[in-house]
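Here's the structure, in structure tokens; my notes come after.
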Amino acid sequence: MKKIIFLHGFYASGQCVPALALRESFEGRAEVITPDLPMHPKEAVSFIRGLIDREQPDLLIGNSCGSFYAQMVAPIVGIPALLGNPHFKMTDFLKQRIGEHQYKSPRKDGKQNFVIDEALIEEFAELEAVQFNNCNPDFKDRTWGLFGEQDTLAHFEPMFLEHYNKTFHFPGGHTPTADEVRTWYVPLAEKLLKSI
């Protein structure tokens, strides 16, 4: 059975709507692993690399900040990736949201509160500066972008196309609904899995 790792967005968790919809859609056909990612970016990338080493997935799927991570890791580990509404400038997103926040879906550790501060923004800035360093010609067609036409948070299709070739659109917002995951994410994921 194929194995997929889904990387959620910054405010989300492994129990968010897209994660649950992917698990349900692929039930019996592929194992979909939906971990809670660490809040700090370097810790998150290290966690993802360790998870990939252990699980040996066939595909990475990300949304928003999870796509930011998937894009950096995919060419290093040699796994294709589907990037949903990738947010390549997390610093811009976070600068407008300094202060205390709550995750929008439950986390396994029970911690629902977190703080955005200057130190966290600086951590993201360091990764942003090198995020496309591992791009290579072999991955121009193995990393696909999926962009919501109603997305009001991330507008990075032009930046994506500087590095990759394949983009797709769906008539939704930044965080896909369960129906949008089933209608758009799942068929593209299936195509990517077949192309391996």
Side-chain angles (χ1 to χ4, degrees), residues 3-27 31-55 57 59-73 81-128 131 146 148 150-156 170 172-182 184-186 189:
K3 204 176 272 192
I4 298 166
I5 292 178
F6 173 74
L7 305 175
H8 62 72
F10 186 77
Y11 275 88
S13 75
Q15 298 300 308
C16 64
V17 168
L20 298 177
L22 281 170
R23 287 209 313 252
E24 181 188 298
S25 297
F26 279 103
E27 194 171 349
E31 181 185 358
V32 181
I33 300 161
T34 63
D36 290 350
L37 299 177
M39 185 182 71
H40 292 271
K42 288 178 185 172
E43 193 183 334
V45 169
S46 176
F47 171 85
I48 293 162
R49 291 287 304 271
L51 185 64
I52 289 168
D53 287 346
R54 282 193 310 280
E55 298 292 344
L59 176 66
L60 296 178
I61 301 176
N63 195 65
S64 190
C65 185
S67 291
F68 169 71
Y69 295 139
Q71 185 282 137
M72 285 187 281
V73 172
L82 176 60
L83 310 184
N85 291 323
H87 206 306
F88 295 136
K89 292 190 178 174
M90 284 299 297
T91 50
D92 290 352
F93 174 82
L94 296 171
K95 280 174 188 171
Q96 301 166 28
R97 293 166 175 83
I98 289 174
E100 191 166 319
H101 298 270
Q102 280 197 322
Y103 289 107
K104 292 179 180 175
S105 50
R107 290 175 69 91
K108 286 185 177 168
D109 63 8
K111 292 180 182 170
Q112 287 304 116
N113 297 318
F114 65 94
V115 174
I116 296 171
D117 57 20
E118 293 292 348
L120 181 66
I121 293 167
E122 184 51 42
E123 282 183 52
F124 271 100
E126 287 175 32
L127 277 190
E128 261 176 41
Q131 65 181 308
L146 179 56
Q150 310 302 317
D151 188 349
T152 58
L153 286 176
H155 305 282
F156 297 107
F170 71 101
H174 187 67
T175 302
T177 64
D179 279 345
E180 288 165 350
V181 168
R182 287 188 283 268
W184 300 95
Y185 282 66
V186 170

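The structure displayed is predicted, hence computed values, not measured ones.
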Does NZ belonging to K3 count more than 12 external heavy atoms closer than 6.0 Å?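 Check passes, neighbour count above 12.
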Assess whether side chain to side chain contact (heavy atoms under 4.5 Å, CB included) is satisfied between F124 and I116, documenting all intermediate values. CA-CA 11 Å; F124 271 100; I116 296 171; over 6 Å; no
Which residues satisfy the ring-ring contact (aromatic ring centres under 6.0 Å, His included) test with Y103, sequence neighbours excluded? F114
Partner set under ring-ring contact (aromatic ring centres under 6.0 Å, His included) for Y69, not counting sequence neighbours: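 Y69 satisfies ring-ring contact (aromatic ring centres under 6.0 Å, His included) with no other residue.
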Hey, are the side chains of [X] and [Y] touching, using non-hydrogen atoms and a 4.5 Å cut-off?
| X | Y | result |
| --- | --- | --- |
| Y11 | T175 | no |
| E24 | R182 | yes |
| L120 | V115 | no |
| Q112 | R107 | yes |
| I121 | I98 | yes |
| H8 | L37 | yes |
| L51 | P35 | yes |
| Q131 | K89 | no |

Separation of [Y] [atom2] from [X] [atom1] (nearest 0.5 Å):
| X | Y | atom1 | atom2 | result |
| --- | --- | --- | --- | --- |
| F88 | M72 | CZ | CE | 9.5 Å |
| L94 | D117 | CG | CG | 10.0 Å |
| K111 | D36 | NZ | CG | 11.5 Å |
| L60 | I5 | CG | CD1 | 6.0 Å |
| D92 | L153 | CG | CG | 12.0 Å |
| E31 | T34 | CD | OG1 | 10.0 Å |

Shortest non-hydrogen contact between [X] and [Y], atoms and distance:
| X | Y | result |
| --- | --- | --- |
| E180 | G172 | OE2-CA, 3.3 Å |
| N85 | G173 | ND2-O, 3.1 Å |
| E128 | T91 | OE2-N, 2.7 Å |
| H174 | S64 | NE2-OG, 2.7 Å |
| P176 | P18 | O-CG, 3.7 Å |
| P41 | E123 | CD-OE1, 3.4 Å |

The test is side chain to side chain contact (heavy atoms under 4.5 Å, CB included); show your working for F6 and N63 and say whether it passes. CA-CA 8 Å; F6 173 74; N63 195 65; 4.1 Å; yes
Pair I4, L22 - check side chain to side chain contact (heavy atoms under 4.5 Å, CB included), show working. CA-CA 9 Å; I4 298 166; L22 281 170; 5.8 Å; no
In terms of relative ring orientation, are F93 and F10 parallel, tilted or perpendicular, with 30° and 60° separating the classes? perpendicular
